[in-house]
J.: 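Okay, handing you the structure first.
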Number of protein chains: 2
Amino acid sequence: MEGSSVAGSQDGQIASPRRAPSQQRSRERVERMLAAASALIAEQGSDAMRMGEVAERAGVSIGSLYQFFADKRAIIWALAERYTAESQACIAAALAQVSDAEGLRRAFSELVDIYYGLFLAEPVMRDIWSGTQADKALRELELADSRANAEFLTAVLKRLRPAADPATLETTALLIWQMGEATMRLAISVGRKEGDDLVAAYKRIALRELLDQQAGPCNVG
Amino acid sequence: MEGSSVAGSQDGQIASPRRAPSQQRSRERVERMLAAASALIAEQGSDAMRMGEVAERAGVSIGSLYQFFADKRAIIWALAERYTAESQACIAAALAQVSDAEGLRRAFSELVDIYYGLFLAEPVMRDIWSGTQADKALRELELADSRANAEFLTAVLKRLRPAADPATLETTALLIWQMGEATMRLAISVGRKEGDDLVAAYKRIALRELLDQQAGPCNVG
DNA sequence: TTGCAAATGCGAGGATTACTCATGTTTGTG
DNA sequence: CACAAACATGAGTAATCCTCGCATTTGCAA
């Protein structure tokens, strides 16, 4: 977010932070490193990605790699940050204009489709979010990302239902969002057809909840 | 499931399988290995668990460890299998007797509470299911487990709604279940109070869907 | 231009760790 | 008791992440 394309890593203990590239030359090299890492993750998964291979493919030495990234996770983190920033902007744009129930229905449906497409199309994002995150820091980034995304949903709900309890709306939005991500993960790990069905079912369930917020269950006794 | 408490591992390539303990002595040693691994995972997480430390704490040599477990993941796999078997039995028992809507409501609610309690109380299960699964095989085990659990839910739904499309019921059950697991993961990674709220909200959403299966959205459009 | 400090680049080597294997020991069984 | 199979051992191997001292390039002020 704040111009930090390079990160030190953390897992409770702080690893030595790294220099941010200040020259044009090194900025380009860092880009090549990230591109190489992205390609390797797409091919083999982040777990099988080797730092030496990243360096080789980027045309730099292993030492240069570690000049800008504190450790292996820092590279994955940097890539993840890019995706989250990108998708957050997309989500904010989709939900910003919503002012009524029908608008929410359309925007949410479209949003889910876009997200689903992203999951299907981006091997790197898929890998990073799909369980290869043996990493506390990454999980926390994911949680922060979920919260930020849910925030947009909360804002819409508050506009549509000003009388409702704000805390409840926040909980609902976070849950709906988290459920959506779980659905995506499930959907991409099963066949395409079953995945589509699952996403459609999620849409239905989520929309029912989002649009019918104030009512209790319908015909349950 | 079939008396196999010891597993070889796989990730596409099959690692050399290991001997199953046939003597009383070795069965006890294998138990000590699993207990040691469980304790270490509870303390530090499976990622930080060191094979040498497992062996040391179990009072066996590193060689003996590898006599019964093909690799590190095989130990985690074995522990995970125990938990899934245990929880599947629990779920089957809870849902077997359900024959009407009110019964489903009670059984499902109780089930979610039990599962939530399990997540909160079992550091090992939490660690294994909560993202430290940098492992394709484990994710597949989790998916198989989800399917098996959802199967019980599907069976109930089919009993309650014999007229409904079976494929739709299956999709719904799987999705509801996966959403539940996602909710648990989220709930244990936020504070206790927020976690409880999330679980409660999940219960409400899931039950609305489970009990109101055949109807469309209530007052939408 | 020149001098110099800071930034960048390099890769052999240190450190860690999962896992193997040759060898010795124990157990069940005819 | 003999003997094969199961079990136990731990030093050694291989793979990999990351460090560190030193060489080179860049920006900039004198």
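Values in this document were obtained by computation on a predicted structure and should not be read as measured data.
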J.: If I take atom CD1 in residue B/Ile62 and atom P in nucleotide D/dA11, what distance separates them, rounded to the nearest angstrom?
T.: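 Interatomic distance, CD1 of B/Ile62 to P of D/dA11: 12 Å.
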J.: Whole Å only: how far is the CD atom of B/Glu53 from the P atom of C/dC19?
T.: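 Spelled out: CD on B/Glu53 to P on C/dC19 is 16 Å.
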J.: If I take atom OG from residue B/Ser146 and atom CG from residue B/Leu175, how far apart are they, to the nearest 0.5 angstrom?
T.: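 Answer rounded to 0.5 Å: 11.0 Å.
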J.: To the nearest 0.5 Å, what is the distance between CD1 (B/Ile205) and CZ (A/Arg208)?
T.: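 Rounded to the nearest 0.5 Å, the CD1-CZ separation comes out at 11.0 Å.
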J.: Closest nucleotide of DNA chain C for A/Arg29 versus for B/Ala48: which of these residues is on the 5' side?
T.: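 Comparing both residues, the 5'-ward one is A/Arg29.
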J.: B/Lys72 NZ to C/dC19 P: how many Å, rounded?
T.: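 Whole-Å distance recorded here is 8 Å.
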J.: Quickly work out the A/Met51 CE to C/dG11 C1' distance and round it to whole Å.
T.: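 For the pair A/Met51 CE and C/dG11 C1', the rounded distance is 15 Å.
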J.: Can you tell me which nucleotide in D/dC18, D/dC7, C/dT20 comes closest to the side chain of B/Tyr66?
T.: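 When the side chain of B/Tyr66 is considered, C/dT20 is the closest of D/dC18, D/dC7, C/dT20.
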J.: Between P on C/dG9 and CD on A/Glu56, what's the gap in Å once rounded to a whole number?
T.: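 Answer to the nearest Å: 18 Å.
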J.: With rounding to the nearest 0.5 Å, note down the distance linking CZ in A/Arg204 to CD in A/Glu209.
T.: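 If I round to the nearest 0.5 Å, the distance is 13.0 Å.
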J.: Just compare C/dG9, D/dC17, C/dC10 and give me whichever is closest to any side-chain atom of A/Ser26.
T.: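 Nearest to the side chain of A/Ser26 among the choices is C/dG9.
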J.: List the protein contact pattern of nucleotides 22-30 of chain C with one symbol per nucleotide (5' to 3'): B for base contact, S for sugar-phosphate-only contact, - for none; contact means a heavy-atom distance under 4.0 Å.
T.: ----SS---
J.: D/dA8 P sits how many Å from B/Glu28 CD, rounded?
T.: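 B/Glu28 atom CD is separated from D/dA8 atom P by 10 Å.
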J.: Quick one: pull up CD in A/Gln23 and CZ in A/Arg27 and give me the separation to the nearest 0.5 Å.
T.: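 If we round to the nearest 0.5 Å, A/Gln23:CD and A/Arg27:CZ are 8.5 Å apart.
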J.: For A/Arg19 and D/dT26, what is the distance between atoms CZ and P respectively, to the nearest whole Å?
T.: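 Computing the A/Arg19:CZ to D/dT26:P distance gives 15 Å.
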J.: Could you check whether B/Ser64 gets within reach of a base, just the sugar-phosphate, or nothing at all, counting any heavy atom under 4.0 Å?
T.: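 Base, at least one base atom sits under 4.0 Å.
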J.: What nucleotide, of C/dC19, D/dT16, C/dC10, holds the atom closest to the side chain of A/Arg50?
T.: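 Nearest listed nucleotide: D/dT16.
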J.: Check the surroundings of atom CD in B/Glu56: do more than 12 heavy atoms from other residues, nucleotides or ligands lie under 6.0 Å from it?
T.: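 Counting other residues, nucleotides and ligands, CD of B/Glu56 stays at 12 neighbours or fewer.
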J.: What do the steps show when you test B/Arg185 against B/Glu142 for salt bridge (charged side-chain N to carboxylate O under 4.0 Å, His left out), and what is the final call?
T.: CA-CA 13 Å; B/Arg185 278 195 288 268; B/Glu142 189 183 13; 3.1 Å; yes
J.: Rounded to whole angstrom units, what separation is found between the CZ atom of B/Arg27 and the P atom of D/dC7?
T.: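 Going from CZ in B/Arg27 over to P in D/dC7 covers 9 Å.
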J.: Please check the phosphate of D/dC18 (OP1 and OP2 only) for any side-chain N or O of A/Arg18 closer than 4.0 Å.
T.: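 False: A/Arg18 side-chain N/O out of range (4.0 Å or more) of D/dC18 OP1/OP2.
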J.: Do B/Trp177 and B/Tyr115 have ring centroids that are under 6.0 Å from one another?
T.: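 Centroid separation for B/Tyr115 and B/Trp177: below 6.0 Å.
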J.: Can you see if the side chain of A/Ser22 gets near the phosphate of C/dT8 - specifically, an N or O under 4.0 Å from OP1 or OP2?
T.: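 Checking C/dT8 against A/Ser22, a side-chain N or O does come within under 4.0 Å of OP1 or OP2.
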